[in-house]
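Structure, as C-alpha cells:
Below, each value reflects all heavy atoms present in this structure, side chains not excepted, and no hydrogens, waters or symmetry copies.
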Amino acid sequence: MADGDEPEKKRRRIEELALKMAVDGGAEVQGDWQGRWDHVRKFLERPGPFTHPDFEPSTSSLQFLLDSCKILVIGAGGLGCELLKDLALSGFRQIHVIDMDTIDVSNLNRQFLFRTKDVGRPKAEVAADFINSRVPGCCCVPHYKKIQDLDEAFYRQFHIIVCGLDSVVARRWVNGMLMSMLIYEDGVLDPSSIIPLIDGGTEGFKGNARVIFPGMTACIDCTLELYPPQINFPMCTIASMPRLPEHCVEYARMLLWPREKPFGEGVALDGDDPEHIQWVFQRSLERAAEFSITGVTYRLTQGVVKRIIPAVASTNAVIAATCATEVFKIASSAYVPLNNYLVFNDVDALYTYTFEAERKENCSACSQIPQDLSFPPSARLQDVLDHLTESAALQMKSPAVTATMDGKNRTLYLQTVASIEERTRPNLSKTLKELGLSDGQELAVADVTTPQTLLFKLRFTS
C-alpha cells in the first residue's frame with residue numbers, strides 16, 4: 001500500500017474497532033475500572049426533581065451511550081476540540097468527526113488537542129488520535145473531508161449531529177441535508193427520520209447554543225436574521241483611500257479577483273482554498289506597500305475573506321459544555337432538552353438567556369410549501385438573483401436558477417461552471433417576460449448553502 005493510502009487504512013481500522021465495540025460492547029464495559037462511570041450513573045439510574053416526566057431510571061441507558069449511540073461532531077476547531085473531550089468523558093464511545101482544515105500555529109492557544117508537532121496535519125485525524133489515546137475504550141473516527149463530500153447514507157447512520165462550525169454557509173448545508181432526509185407519509189412527518197441537530201457558535205466573548213429537531217422546531221434558515229451582519233467597507237475607501245490593512249484585502253478580493261480571474265473565468269473565491277488565499281494575500285501586500293500600510297498578514301487575509309471573528313477559549317468551553325449536555329439529554333431521554341435557543345454573553349458580566357425560536361411557515365429550507373417570489377414582469381433576472389442573495393431570510397451565495405418550460409428544464413443562470421455562466425450571462429439583463437416566464441411559474445434554485453434544490457413560485461405584480 002502506498003504512503004498516500006495510510007490515512008484511509010487507518011480510518012478503516014478505527015471503524016472496525018468501533019464496530020467490534022458495538023457487537024461486543026459488554027466486554028469493553030467489563031474492562032472499565034470500578035466506578036469509572038459513577039458520575040453518569042447518578043443521572044441515569046435514579047430519579048430526581050429535574051428529570052423528564054416520562055423518565056424511568058435504568059441501567060440500559062448507560063449501556064446505550066457506551067455501546068450503541070453514534071454521534072457526529074462537525075468541526076474539530078475551538079468548539080470541536082471541547083466537544084470531543086466532553087462527549088468522550090460523558091460516556092459516548094462511537095464518535096465521528098469531520099473537518100477539512102489542517103492545524104495552524106494560531107490554533108494552538110485554544111484548540112488544546114493539538115501540539116506544535118501537529119502543525120500542518122489534518123485537524124480531524126489529530127483530534128481523533130488524541131481522544132482515542134486519552135479516553136480508554138473510545139473509538140473516534142476522523143474524516144478529513146468537506147461536509148459536502150459525504151452523502152446522505154453517511155449522515156443517516158448517526159443518532160445525533162453536533163455542529164462546532166465557524167461558517168453560516170456550512171451550518172445551512174448541514175441543516176439542508178437533515179431536512180432532505182425527512183420522510184413524510186400523506187403529509188405527516190415520520191419521527192424515525194428525524195436526526196436531532198445541536199448547533200453551537202461563538203464570537204469572541206459571546207456565544208449561543210440551540211437544539212433543532214428537523215421538521216418540528218425552528219431550523220437554521222428560520223432564524224437567519226439572528227446571525228450578525230457582515231462588516232462591509234465603503235467601496236470608495238477600498239478603491240481610492242485605503243487606510244487599514246483590511247481595506248487592502250478587500251481591494252484584492254472585491255476588485256482584483258473578478259478583474260484578473262487568476263484561476264479562470266467564473267471561478268469564485270474560496271476562503272478554504274490555500275492557493276486562493278495566497279493569491280489574495282500577495283495582492284494585498286502589494287496594495288499595502290503602495291499606500292505605506294502595515295499589518296497585512298496571511299492570517300488577517302483569511303480572516304477578512306472568511307469573515308472570521310477571533311475566538312476565545314473560555315467561550316468555546318462554555319458553549320461546548322452546553323451542547324454536550326444537550327446531547328446527553330437527548331441520547332438518554334433523562335431530561336427535557338433546551339427549548340430551543342440559548343444566548344451567552346460575558347463581555348462585561350455573565351449573562352445567559354433562553355428563548356424559543358419559532359418556525360417560519362414560509363421557510364425556504366423546512367417548509368413544504370414553495371416560497372413566493374414577487375416581481376413585476378418587467379423585472380430583470382438580475383433583480384431576482386439580487387433578492388436571493390441580499391434578502392435577510394435567504395442570504396444565498398451563488399444561486400443557480402432553472403425553470404421547466406415547454407416540458408423541458410431550462411437553465412436561466414449558473415455561476416459556478418464557467419462555460420455555462422458565459423452562455424447564460426445574457427439572461428441577467430433580460431426581463432422575466434422576455435425570458436418567457438409566467439405568473440405562477442416554478443423556479444428551482446440551487447446554492448452552496450444547501451444540498452437541496454429549493455422551489456419558488458414566481459408571482460407577477462402590477
Side-chain angles (χ1 to χ4, degrees), residues 75 77-79 100-111 119 165-172 201-208 224-263 267-316 319 345-348 386 389-392 395-398 415 448-449:
L79 270 177
M100 59 173 288
D101 286 341
T102 55
I103 299 165
D104 185 75
V105 173
S106 62
N107 302 146
L108 303 181
N109 71 327
R110 64 194 180 281
Q111 298 174 23
V119 171
L165 295 162
D166 61 0
S167 165
V168 176
V169 172
R171 282 186 177 89
R172 295 178 65 187
T202 63
E203 299 169 359
F205 290 98
K206 302 176 183 178
N208 68 81
L224 278 182
E225 296 91 340
L226 293 178
Y227 290 102
Q230 293 184 348
I231 300 173
N232 294 309
F233 301 103
M235 184 59 72
C236 57
T237 301
I238 294 171
S240 306
M241 299 176 292
R243 299 184 301 277
L244 301 172
E246 290 84 355
H247 294 162
C248 301
V249 178
E250 289 287 65
Y251 178 82
R253 182 182 75 88
M254 298 178 64
L255 299 177
L256 294 185
W257 182 277
R259 183 191 306 164
E260 298 186 13
K261 304 177 181 62
F263 293 86
V267 177
L269 176 58
D270 184 353
D272 291 314
D273 190 321
E275 292 185 2
H276 289 200
I277 297 298
Q278 185 64 34
W279 187 92
V280 175
F281 173 48
Q282 293 299 330
R283 296 301 180 276
S284 303
L285 283 176
E286 295 169 6
R287 179 74 170 173
E290 182 181 350
F291 288 87
S292 302
I293 296 172
T294 59
V296 174
T297 64
Y298 183 92
R299 183 183 180 187
L300 174 79
T301 302
Q302 189 172 41
V304 172
V305 171
K306 295 181 66 177
R307 296 294 195 263
I308 293 174
I309 298 174
V312 176
S314 58
T315 311
N316 286 336
I319 297 302
N345 187 330
D346 65 345
V347 174
D348 297 315
D386 289 343
T389 56
E390 296 173 5
S391 166
Q395 298 185 32
M396 294 187 178
K397 300 302 177 183
S398 53
Q415 179 179 334
V448 295
T449 56

Beyond-backbone contact of [X] with [Y], side-chain heavy atoms, under 4.5 angstrom:
X      : Y      : answer
Ile103 : Leu108 : yes
Val312 : Thr202 : no
Glu275 : Phe263 : yes
Asn316 : Gln111 : no
Leu269 : Trp279 : no
Arg283 : Trp257 : no

Using only atom types and a distance under 3.5 Å, with no angle test, would you say the side chain of [X] pairs donor to acceptor with the backbone of [Y]?
X      : Y      : result
Arg287 : Ala252 : no
Gln395 : Ala392 : yes
Thr449 : Met396 : no

Ser314 side, atom OG; Asp346 side, atom CG - distance, nearest 0.5 Å: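 The OG atom of Ser314 sits 5.5 Å away from the CG atom of Asp346.
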From Leu256 atom CG to Lys261 atom NZ, the distance as rounded to the nearest 0.5 Å: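 It comes to 11.5 Å.
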Exercise: identify the closest heavy-atom pair between Lys206 and Asn345: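 Looking at all heavy atoms of both residues, the shortest contact is CE-ND2, 3.8 Å.
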Exceeds 12 heavy-atom contacts within 6.0 angstrom, atom CZ of Phe205: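 No, CZ of Phe205 has 12 or fewer neighbouring heavy atoms, counting only those of other groups under 6.0 Å.
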